[in-house]
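See below for the structure under consideration.
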Amino acid sequence: MKEKTGIFVGSFNPFTIGHDSIVRRALPLFDHLVIGVVGDHVSKPGIPPAAERMKAIKDLYHDEPRIEVKPYYGLAIDFAREEGARFIVKGVRSVKDFEYEREQADMNRQLTNGEVETILLYSEPALSSVSSSMVRELQHFGVDVEPFLPKR
């Protein structure tokens, strides 16, 4: 039987409890889940190096052999193909997120002739306001953001 692989991609700056929730809820769907961290080629102000972001995620899932963390460059569908994944996992917090992800999913389906499917997982209600940008904003103003980061 062929291994079922999914990918979960993002800049993960930082990787939040919302991201962790999506990973933990997606994991039972797959034999192997690759977390793709946007590489250093992306110019986002103040983004830590990919190696630093990847280490934090690897440390979090060090006991889970079905999870792999890798950098990726380019389109998520190309990364999916490289990893032999037929599924892209995305988290959705709001209608705004849904519309954006639906459009991306439609385009990815067209570009891959249906070979790569997107799975949308809705955020847990208590986590619907948690985002990396919100965490960075709170951090900027000196707020303790530990409650929004997964426990290692």
Looking at every non-hydrogen atom in both residues, tell me the closest pair between A50 and D40 and how far apart they are. N-OD1, 2.6 Å
Answer yes if the side chains of T5 and E83 hold a donor-acceptor pair under 3.5 Å, and no otherwise. no
Which word best sums up how the rings of F15 and F8 line up, parallel for under 30°, tilted for 30 to 60°, or perpendicular for over 60°? perpendicular
Note: V69 and M54 closest approach over all heavy atoms is O-CE, 3.8 Å
Candidates K96, Q104, R102 - the one meeting side-chain hydrogen bond (donor to acceptor under 3.5 Å, both in side chains) with Y100: Q104
Can you give me the closest heavy-atom contact between N13 and S132, atom names plus distance? O-CB, 3.3 Å
Using 0.5 Å steps for rounding, measure from the CZ atom of R81 to the CG atom of L111. 7.5 Å
Going by heavy atoms in the side chains, are I7 and Y72 under 4.5 Å from each other? no
Verify the cluster assignment for V130 and V145: are they in a single hydrophobic cluster under the rule of side-chain heavy atoms below 4.5 Å apart? yes
T16 versus S131: any side-chain heavy-atom pair under 4.5 Å? no
Answer with yes or no whether the hydrophobic clustering places L27 together with I35; edges join I, L, V, M, F, W, Y residues whose side-chain heavy atoms lie under 4.5 Å apart. yes
Report whether V116 and V34 are members of the same hydrophobic cluster (ILVMFWY, side-chain heavy atoms less than 4.5 Å apart, transitive linking). yes
With hydrophobic residues grouped by side-chain heavy-atom distances under 4.5 Å, do F148 and I22 end up in a single group? no
Where do L127 and G18 come nearest, in terms of heavy atoms and distance? CD1-CA, 4.1 Å
Trace of the side chain to side chain contact (heavy atoms under 4.5 Å, CB included) decision for F87 with L29: CA-CA 10 Å; F87 303 94; L29 303 173; over 6 Å; no
Side chain of R25, backbone of Y122: donor and acceptor closer than 3.5 Å? yes
Look up atom CD1 in I77 and atom CE in M107, then write down how far apart they are to the nearest 0.5 Å. 9.5 Å
With sequence neighbours left out, write down each residue that passes side chain to side chain donor-acceptor pair (under 3.5 Å) with R136, or none if nothing qualifies. none
Rounded to the nearest 0.5 Å, what separates atom CG in N108 from atom CG in L75? 7.5 Å
Do L33 and I57 share a hydrophobic cluster (ILVMFWY, side-chain heavy atoms under 4.5 Å, transitive)? yes
Distance col, row E101:CD vs K90:NZ, nearest 0.5 angstrom, shows 4.0 Å
If we count only N and O atoms by modelled type, under 3.5 Å, do the side chains of D20 and Y61 hold a donor and an acceptor together? yes
Does R86 come within less than 4.0 Å of E115, counting only side-chain N to carboxylate O? no
Give a yes or no on whether a salt bridge exists between E52 and K55, defined as a side-chain N under 4.0 angstrom from a carboxylate O. no
Please round to the nearest 0.5 Å and tell me the distance separating atom CE of M134 and atom CZ of R93. 8.5 Å
What are the two closest heavy atoms between S11 and V37, and how far apart are they? O-CG1, 4.1 Å
In the structure I gave you, are the side-chain heavy atoms of I119 and F30 within less than 4.5 Å of one another anywhere? yes
Return the minimal non-hydrogen interatomic distance between I67 and V23, and the atom names on each side. CD1-CG1, 3.7 Å
